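Following: one structure in structure tokens, then a few remarks.
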Amino acid sequence: MSESWRCVVDKLPEVVARVLGIDKSIVVDLINTGRLKIAPTPDPKMGDFGIAVHPLLKNTERSKWSEIGSLLATELYSSTRDECWVEKVEFVNGYLNITINYHGILRKLVEDYFTGKIFRELERVGNGEKVVVEHTSANPVHPLHIGSGRNSVVGDTFARLLSKLGFNVETRFYVNDMGRQVATLVYGAKIVESSGISIPSSIKPDHWYGAIYALTNILIEKNKLEKKLRDKINQIIEKTSSLCNPCLEGRLEGIPRELCFEFCSISWRKNYRFNIKKIRDIYREIKKTSKTTQNPLITELKNLIEEYKAELSEYIDFAKAEARLAIQYPELHSALKASIRDYREAEEEINKLMQLAESGDSETISLFRRVIEPVLNGFKETLSSIGIYFNGFDFESNPEVVKTAHEIVEELLKKGYAKTIEGGAIEVNLDYAAEVNEKVLKLFYPDRAGRFIVRRSDGTTLYVTRDIAYTLYKFRELGARRVYNVIAIEQTREQKQLKAVLYLLGYEQEADNLHHFAYEMVHLKGMRMSGRRGVYYTIDEMLVDAKTNILKKLFEKQSSVKLEDSVEIAEKLAVSNVRAILVSVDPSKVLVFNPEKIGEVEYGTIIQYAFVRAQGVVRNLWGLEFLDNPGQVVEKALGLTSRIVGTELTIEEKKLVEDIFKYPSILRQAYSEMSPNKILEYALNLALDFNKFYEKYPVVSEKDENKKYTRAAITVMTLILLSELMDILGFPKLRKM
RNA sequence: GGGCCCGUAGCCUAGCCAGGAUAGGGCGCCGGCCUGCGGAGCCGGAGGACCCGGGUUCAAAUCCCGGCGGGCCCGCCA
């Protein structure tokens, strides 16, 4: 269809110039500047696409529009009918509506698709260029949840798309094995190990270690908060006590007597058991008083109590999380609780572990690796269940990369972009860099570029520093010509800093070819996820929920599918639906997901169903199984080319032909705009349009041979495209359902 | 305080960058349709201040300005 557009647009200037007696170049200019626009019509009855010619008629009286318009239509028709597959041109209130001869297009499509020309052309986009896609890269301290799942699916889908476009794609998982979070996990795991507890064979390792991490973190944080709360209470007691006498003696302006009594009550009973409830009562009174009084002592006390309340609610969150985990994992809870008594000791231990790991202490590094390994195995298991595999895992603690990180710091110092600041840390001044380097300026504009630390005062590197080194590794060691980092949008600043440093160090090409593929967060309805508290909705659970839902439906409708097949089918549909949900929304938008409604979002099922139906047609037509031998089906279909003649296409058929025509441009668009959601949307539309076509027009039993083979060709093209799209979307392919 | 992103029916979403006709889908809701290439479907219906207010234009969901609401970022964290 777009070829027809282009063709018509090419002819347009000459026709318009002739009819309106204006200069051809004016029209060309209007088209090039987008003032003359071409777009699909809102209703196929009006034609297939229309050109809005209002700007040309601007100076013409409205009453003469139809006269001139009709003339334009006739002239345009006669000069495009043969070359541009145009069947009809009509003028309707300011639009030239063009109806296409779909048969011409269909014949071309059939040839291009069945000879594979379309797919070969698409592979020339990448032309074998090496591209590294880093995705998932979740901290190995808890199982993959729906947020990391979005990363995985978006990244994997994009990588698959790049492969289809002929890029030589390598996917990498960056394992963070030396940060504070991992150190916390290792600290907890050591306690568990020394208590003689080993992982039960029935529990998936990432979930087990996720519980250890959460409990360790919770116990430390709780302990810390307990101490803070106690301090705060003491401060409140002190404050109120000091107010007691002055208040009673009427030396505090604007404070009611009742409040004074409350103050004193606290003061007088401070040597007995303290009643926490009292604080609430006082707070209520103080809030009332603070509305009428400006007394700074009251404001001070109010702030103090508000801080206390905030800390208390945080404490309660942790306590709840602890209680839940204590019930689920009693042995872990009691072991950890017995050992984590003072948060200062624990944090000291954790810091020690971090420093040892960063300094390259081989024993510590291997301890870290040993703890992380089972978690990574859990990740791999989850990911493989949704069809995601990596070409490699890169460890942050890799000595080579750490060494490069230090070299980068030296280089930055030498070039004058970084300097040692007070306290001994090394800081990069990007504000200065932005003044001398336009690329850096543009990267952050209109925001200030700012400064950031690349080496701590104790000599260790930071995440960004190591990330810079890792990026160079991707280009130099992995041989990437281009790199996509699928990383949460919240890390945009860090990704810019990384890019800026590449520019500053003279890696201009690498910086230009480094892309941050940013995606927004996933919010769960009715749940605030937090890895630190062990609250998350995991991919594993999501898959089970989806599967259960599908099975329930399957049994309700009493399908002809055999019982032993139904579980497998439900599993594959679950994978499709889960992947579809996670890729369905534009990456720049927050994805809100309600686990309760998992059975209601079934994009995957819809696509699978169309795929199964199309296979059914081929099966009945030629007795061929597409999944066993797609080549044979295509060959058979190619034989139809000569038999596609003459018949008028129905609206549903036209719609499908249009869809099929769009395929290459959709892939290119999804690639250049980094929006894999467009692939899903397109696949969904194709499936829906196919369902409508399928419902209305028989293929196998059609008596009119022209119609029959035309429809067969459309069906096979749809089948091939659905198959290609499912490759990209990472759906398993069903034969029956 | 500064910077970025998002705001489209009860819910979710496309369209916005490159302004055009009746704002496209899906879920949910209501009403129809099974001797069929498998009904996990199809047909029809109800349901919209395209967040608000200005501006530019023959024409604004789309561009510009100003608000409002939500999210994210501005660490010797990762």
Side-chain angles (χ1 to χ4, degrees), chain A residues 33-39 41-43 46 50-55 57-59 62 92-95 97 137 139 176 178-182 396 421 423-427 444-448 450-458 460-464 466-467 488-494 496 518 520-521 523 525 550 553-554 556-557 559-561 569 573 581 584-586 588-594 597 599-603 605-606 608-610 612-621 673 677-678 681 684-685 688 691-692 694-702 711-712 715 736-737:
Chain A
T33 55
R35 304 274 295 153
L36 265 189
K37 234 194 135 183
I38 188 158
T41 62
D43 188 330
M46 301 165 75
I51 308 166
V53 291
H54 306 89
L57 303 170
K58 218 166 127 181
N59 300 322
R62 200 104 191 174
V92 183
N93 64 62
Y95 294 89
N97 284 343
S137 303
N139 270 334
N176 181 315
M178 57 191 305
R180 161 153 249 112
Q181 294 187 47
V182 179
E396 200 180 358
I421 58 165
I426 296 174
E427 181 188 68
F444 290 90
Y445 188 84
D447 201 2
R448 283 172 61 86
R451 302 148 180 257
F452 67 103
I453 306 285
V454 283
R455 198 171 82 188
R456 294 190 187 91
S457 47
D458 66 4
T460 57
T461 57
L462 285 99
Y463 175 79
V464 207
R466 281 171 257 138
D467 208 5
I489 200 161
E490 62 197 15
Q491 292 203 43
T492 301
R493 189 159 206 99
E494 185 267 347
K496 282 183 181 173
E520 261 288 2
M521 300 284 84
H523 289 312
K525 261 215 164 102
I550 292 162
K553 279 186 198 167
L554 228 153
E556 271 165 21
K557 78 180 196 67
S559 117
S560 57
V561 174
I569 288 170
L573 287 178
I581 288 168
S584 66
V585 179
D586 187 300
S588 74
K589 294 190 183 182
V590 176
L591 171 60
V592 184
F593 178 69
N594 185 353
K597 294 195 173 170
E600 290 178 12
V601 197
E602 301 192 288
Y603 305 130
T605 303
I606 294 170
Q608 293 277 9
Y609 188 54
V612 165
R613 283 179 139 183
Q615 285 178 85
V617 175
V618 168
R619 194 177 296 129
N620 288 321
L621 198 62
E673 292 176 6
N677 54 310
K678 296 231 160 78
E681 196 206 340
L684 196 62
N685 281 330
L688 290 169
N691 274 342
K692 282 169 196 154
Y694 176 95
E695 199 77 27
K696 244 177 159 162
Y697 310 104
V699 180
V700 177
S701 59
E702 173 60 50
R711 288 174 193 164
T715 303
K736 290 183 173 180
M737 62 187 271

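First the proteins, then the strands, lettered A, B, ... as listed; each starts at 1. Nothing here was measured: the structure is a model prediction, and the numbers come from that model. Below, each value reflects all heavy atoms present in this structure, side chains not excepted, and no hydrogens, waters or symmetry copies.
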Sugar-phosphate, base or nothing in reach of A/Gly450, heavy atoms under 4.0 Å: nothing
side-chain contact (heavy atoms from CB on, under 4.5 Å) against A/Tyr609, all qualifying residues, sequence neighbours excluded: A/Arg613, A/Asn691, A/Met737
Sugar-phosphate only, base, or nothing, as touched by A/Gln181 at under 4.0 Å among non-hydrogen atoms: nothing
Sugar-phosphate only, base, or nothing, as touched by A/Gln491 at under 4.0 Å among non-hydrogen atoms: base
Touch class at under 4.0 angstrom, heavy-atom based, for A/Tyr445 against every strand present: nothing
Donor/acceptor link under 3.5 angstrom from A/Ser457 side chain onto base of B/C76: yes
Atom pairs, protein N/O to nucleotides 42-47 of chain B N/O, distance under 3.5 Å:
none

Produce the list of close N/O pairs, under 3.5 Å, pairing protein atoms with atoms of nucleotides 10-14 of chain B; give distances to one decimal.
| residue | atom | partner | partner atom | Å |
| --- | --- | --- | --- | --- |
| B/A14 | OP1 | A/Asp586 | N | 3.3 |
| B/A14 | OP2 | A/Lys589 | NZ | 2.8 |
| B/A14 | O2' | A/Glu681 | OE2 | 3.1 |

Separation of the C1' atoms in B/C76 and B/A14, to the nearest angstrom: 45 Å
Pair partner, B/U56 [Watson-Crick or wobble, under 3.5 Å]: none
N or O in side chain of A/Tyr694 less than 4.0 angstrom from B/G38 OP1/OP2: yes
Any A/Arg451 side-chain nitrogen or oxygen under 4.0 Å from OP1 or OP2 of B/C74: no
Distance-only polar pair, side chains of A/Arg455 and A/Thr461, donor-acceptor under 3.5 Å: no
Whole-angstrom distance between B/G24 and B/C50, as gauged at atom C1': 13 Å
